[in-house]
Student: 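Structure provided below as structure tokens; questions to follow.
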There are 2 protein chains.
Amino acid sequence: MAKADTPSSEDLMRLDNFLCFAIYSANHAFTRVYKPLLDQLDLTYPQYLVMVVLWEKDDQTVGSLGEKLFLESSTLTPMLKRLEAMGYVSRVRDRTDERQVRVRLTDTGRALRQKASAVPAGIVDATGMEPADLARLRKEIAALRTALLG
Amino acid sequence: MAKADTPSSEDLMRLDNFLCFAIYSANHAFTRVYKPLLDQLDLTYPQYLVMVVLWEKDDQTVGSLGEKLFLESSTLTPMLKRLEAMGYVSRVRDRTDERQVRVRLTDTGRALRQKASAVPAGIVDATGMEPADLARLRKEIAALRTALLG
DNA sequence: TGCAATTTAATCGCGCGCGACTTGAATGTT
DNA sequence: AACATTCAAGTCGCGCGCGATTAAATTGCA
């Protein structure tokens with residue numbers, strides 16, 4: 001029978017016992033599953049996440065996007081420029097506060113949402129999990145993230 | 001009461017409901033938590049994972065490391081060269097099969113294990129979770145990874 | 001008003017991470 | 001033995017992702 005002992009320092013040093021590695025490798029696995037689906041939209045996985053945030057609420061600042069995605073402006077700025085070059089978003093300085101840049105969907109960017117509508121279901125499918133289990137796991141991992149950043 | 005409905009396509013499109021995003025952002029959170037701990041060892045987070053694999057079993061090929069870490073040789077080769085330049089590992093062609101490169105810990109690399117011994121406990125601490133919950137979550141995520149790669 | 005402190009993006013350098021490709025070695029087939 | 005196939009590692013180009021820094025705008029305050 002498994003007992004709830006405090007793990008030995010030996011056990012803690014085994015890669016299989018690293019929660020961080022489970023997450024690290026699951027993240028790569030997700031990237032691979034998304035690739036063929038997103039290739040059709042000409043989006044990378046991080047770019048897709050930006051689009052999801054914008055589809056949810058258009059016209060956001062770089063800072064607002066970064067807060068939601070937990071990304072720095074040094075990551076977002078080049079990404080947003082690529083999305084702009086592809087014609088999916090526009091970037092314009094806010095007139096009332098010139099420090100901020102407002103990111104808005106173009107018509108093409110808005111239209112892309114329809115083409116992307118089948119993606120989430122495809123991913124859920126690839127996990128082979130029930131929606132309820134998926135939701136529970138998602139909440140647990142989000143809570144873990146909160147604890148780590150706290 | 002929450003009901004186990006099939007989620008609507010609207011719900012599926014909300015970032016908060018993306019399991020992949022929970023994992024994506026939790027992975028970044030882990031990287032941040034590790035940073036101050038690993039800075040003292042002069043290791044990045046992926047480099048640390050390579051060292052963990054080698055501490056577990058010395059003298060492995062690039063392919064073997066890649067299998068365990070789910071990484072390609074195109075990722076590992078430059079990383080291993082950096083670890084070699086730092087004096088933590090050596091890279092030598094296998095005499096009996098010149099295609100393979102054997103990666104071995106140097107004395108310094110082996111010694112580093114002691115300095116790193118406090119790291120896992122520090123991470124567990126940062127999660128604020130019980131070892132049993134941690135283990136359960138880890139297994140669920142590893143199973144998810146397996147499903148995704150299947 | 002004037003000037004310091006703060007805020008927001010952007011820039012730069014570096015290390016992943018991968019797909020596509022190359023190189024050289026081992027293996028299989030005839 | 002000769003040649004094609006397969007296999008392992010490495011190279012290259014590109015897109016993140018971040019820390020450190022910079023530039024410019026706004027805010028706070030004496």
Side-chain angles (χ1 to χ4, degrees), chain A residues 20-21 23-36 38-39 42-51 60-67 69-86 89 91-103 149, chain B residues 20-21 23-36 38-39 41-51 60-67 69-86 88-89 91-103 149:
Chain A
C20 65
F21 174 68
I23 290 189
Y24 169 87
S25 52
N27 186 45
H28 293 164
F30 264 121
T31 304
R32 276 171 223 184
V33 172
Y34 267 106
K35 181 128 201 343
L38 296 183
D39 275 351
D42 266 308
L43 290 175
T44 66
Y45 174 51
Q47 284 166 5
Y48 170 68
L49 293 178
V50 170
M51 294 302 288
Q60 298 194 52
T61 65
V62 174
S64 155
L65 294 174
E67 228 171 275
L69 292 162
F70 301 93
L71 294 175
E72 306 295 323
S73 72
S74 48
T75 300
L76 281 170
T77 297
M79 260 179 71
L80 293 169
K81 284 186 177 176
R82 280 187 274 282
L83 288 173
E84 187 179 38
M86 288 189 282
V89 306
R91 297 162 58 250
V92 278
R93 289 273 163 197
D94 189 312
R95 268 183 206 73
T96 72
D97 185 343
E98 293 273 345
R99 288 173 305 181
Q100 302 184 26
V101 165
R102 305 211 69 88
V103 182
L149 295 178
Chain B
C20 65
F21 174 68
I23 290 190
Y24 169 87
S25 52
N27 185 47
H28 294 163
F30 263 122
T31 304
R32 277 172 223 184
V33 172
Y34 267 107
K35 179 124 202 342
L38 296 182
D39 275 351
L41 311 176
D42 267 309
L43 290 176
T44 65
Y45 174 52
Q47 284 166 5
Y48 170 69
L49 292 177
V50 170
M51 294 302 287
Q60 299 193 51
T61 64
V62 174
S64 156
L65 294 174
E67 227 171 277
L69 293 162
F70 301 93
L71 294 175
E72 307 295 323
S73 73
S74 48
T75 299
L76 280 170
T77 298
M79 258 178 72
L80 292 169
K81 284 188 175 175
R82 275 177 220 114
L83 288 171
E84 187 180 40
M86 288 189 281
Y88 291 151
V89 307
R91 298 162 57 251
V92 277
R93 290 270 161 200
D94 189 312
R95 267 184 207 72
T96 71
D97 185 344
E98 292 274 344
R99 288 175 304 181
Q100 301 184 20
V101 165
R102 306 211 68 89
V103 182
L149 296 177

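Here the structure is a predicted model, which means the values were calculated and not measured. Every chain is numbered from 1, with letters handed out A, B, ... down the list of sequences.
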Student: Calculate, to the nearest 0.5 Å, the distance between atoms CD1 and OH belonging to A/I23 and B/Y24 respectively.
Tutor: 14.5 Å
Student: Starting from C1' on C/dT8, measure out to CZ on A/R102 and report it in whole angstrom.
Tutor: 13 Å
Student: Which is true for B/R93 with a 4.0 Å heavy-atom rule: it touches a base, it touches only sugar-phosphate, or it touches nothing?
Tutor: sugar-phosphate
Student: Please report, rounded to the nearest Å, how far the C1' atom of D/dA9 is from the CG atom of B/L71.
Tutor: 15 Å
Student: Does A/T77 place a side-chain N or O at less than 4.0 Å from the phosphate oxygens OP1/OP2 of C/dA10?
Tutor: yes
Student: Look at A/R32 and C/dC18 and indicate whether a side-chain polar atom (N or O) is within less than 4.0 Å of OP1 or OP2.
Tutor: yes
Student: Yes or no on side chain to side chain contact (heavy atoms under 4.5 Å, CB included) for B/T31 and B/T44, after CA distance, side-chain angles and deciding distance?
Tutor: CA-CA 9 Å; B/T31 304; B/T44 65; over 6 Å; no
Student: Please identify each residue that fulfils side-chain contact (heavy atoms from CB on, under 4.5 Å) with B/S64, with sequence neighbours left out.
Tutor: B/Q60, B/T61, B/K68
Student: Could one point to a donor on the side chain of B/S73 or the base of D/dG10 with an acceptor on the other under 3.5 Å away?
Tutor: yes
Student: So what does B/R91 touch, heavy atoms closer than 4.0 Å: a base, only the sugar-phosphate, or nothing?
Tutor: sugar-phosphate
Student: Nearest heavy atom decides the nucleotide; on that basis, is B/G63 or A/N27 closer to the 5' end of DNA chain D?
Tutor: B/G63
Student: In whole angstrom, give the distance that lies between atom CG of A/D97 and atom C1' of D/dT27.
Tutor: 10 Å
Student: Without decimals, in angstroms, what is the distance between B/E67 CD and D/dA9 P?
Tutor: 10 Å
Student: Take A/R95 and A/F70, find for each the nucleotide of DNA chain D with the closest heavy atom, and name the residue whose nucleotide sits nearer the 5' end.
Tutor: A/F70
Student: Excluding sequence neighbours, so at least two apart, what forms side chain to side chain donor-acceptor pair (under 3.5 Å) with B/K81?
Tutor: none
Student: Output yes when at least one side-chain N/O atom of B/K35 is less than 4.0 Å from OP1 or OP2 of D/dG17, else no.
Tutor: no
Student: How would you label the contact of B/T96 with the nucleic acid (heavy atoms, under 4.0 Å): base, sugar-phosphate, or nothing?
Tutor: sugar-phosphate
Student: Restricting to ring-ring contact (aromatic ring centres under 6.0 Å, His included), what partner residues turn up for B/Y34, sequence neighbours left out?
Tutor: B/Y45, B/Y48
Student: Between A/K81 (NZ) and C/dA10 (P), how many Å, whole number?
Tutor: 6 Å
Student: Can you tell me the distance, in whole Å, between the CG atom of A/L76 and the P atom of C/dA10?
Tutor: 10 Å
Student: Rounded to the nearest 0.5 Å, how far does CE of A/M79 lie from CG of A/L71?
Tutor: 7.0 Å
Student: Filter on salt bridge (Lys or Arg N to Asp or Glu O under 4.0 Å), then keep only pairs touching residues 24-35 of chain A, sequence neighbours left out; what's left?
Tutor: A/K35-A/D39
Student: Which whole-number value in Å describes the distance from A/E98 CD to C/dA10 P?
Tutor: 12 Å
Student: Can you give each donor-acceptor pair under 3.5 Å made by side-chain atoms of residues 96-103 of chain A, sequence neighbours left out, with the distance rounded to 0.1 Å?
Tutor:
unit_1 : atom_1 : unit_2 : atom_2 : d
A/T96  : OG1    : A/D94  : OD1    : 2.9
A/D97  : OD1    : A/R99  : N      : 3.0
A/D97  : OD1    : A/R99  : NE     : 3.1
A/D97  : OD2    : A/R99  : NH2    : 2.9
A/D97  : OD2    : A/Q100 : NE2    : 3.4
A/R102 : NE     : A/D59  : OD1    : 2.8
A/R102 : NH1    : A/D94  : OD2    : 3.1
A/R102 : NH2    : A/D59  : O      : 3.1

Student: Report all interatomic pairs (protein N or O, nucleotide N or O of nucleotides 14-16 of chain D) with separations under 3.5 Å.
Tutor:
unit_1 : atom_1 : unit_2 : atom_2 : d
D/dC16 : OP1    : A/T44  : OG1    : 2.7
D/dC16 : OP2    : A/Q47  : NE2    : 2.8
D/dC16 : OP2    : A/R82  : NE     : 2.7
D/dC16 : OP2    : A/R82  : NH2    : 3.4
D/dC16 : O5'    : A/R82  : NH2    : 3.3

Student: Give me, pair by pair, the N or O atoms of the protein and of nucleotides 5-7 of chain C that are less than 3.5 Å apart, along with how far apart they are.
Tutor:
unit_1 : atom_1 : unit_2 : atom_2 : d
C/dT7  : O4'    : A/R99  : NH1    : 3.4
C/dT7  : O2     : A/R99  : NH1    : 3.3

Student: Using a 4.0 Å heavy-atom cut-off across all strands, classify A/T31 as base, sugar-phosphate, or nothing.
Tutor: nothing
Student: Of all heavy-atom pairs between B/S73 and B/P78, which one has the smallest distance, and what is that distance?
Tutor: O-CD, 4.1 Å
Student: Once you round it to whole Å, what is the distance between P of C/dA20 and CD of B/E72?
Tutor: 11 Å
Student: Quick one: side chain to side chain donor-acceptor pair (under 3.5 Å) partners of A/E84, sequence neighbours excluded?
Tutor: A/R91
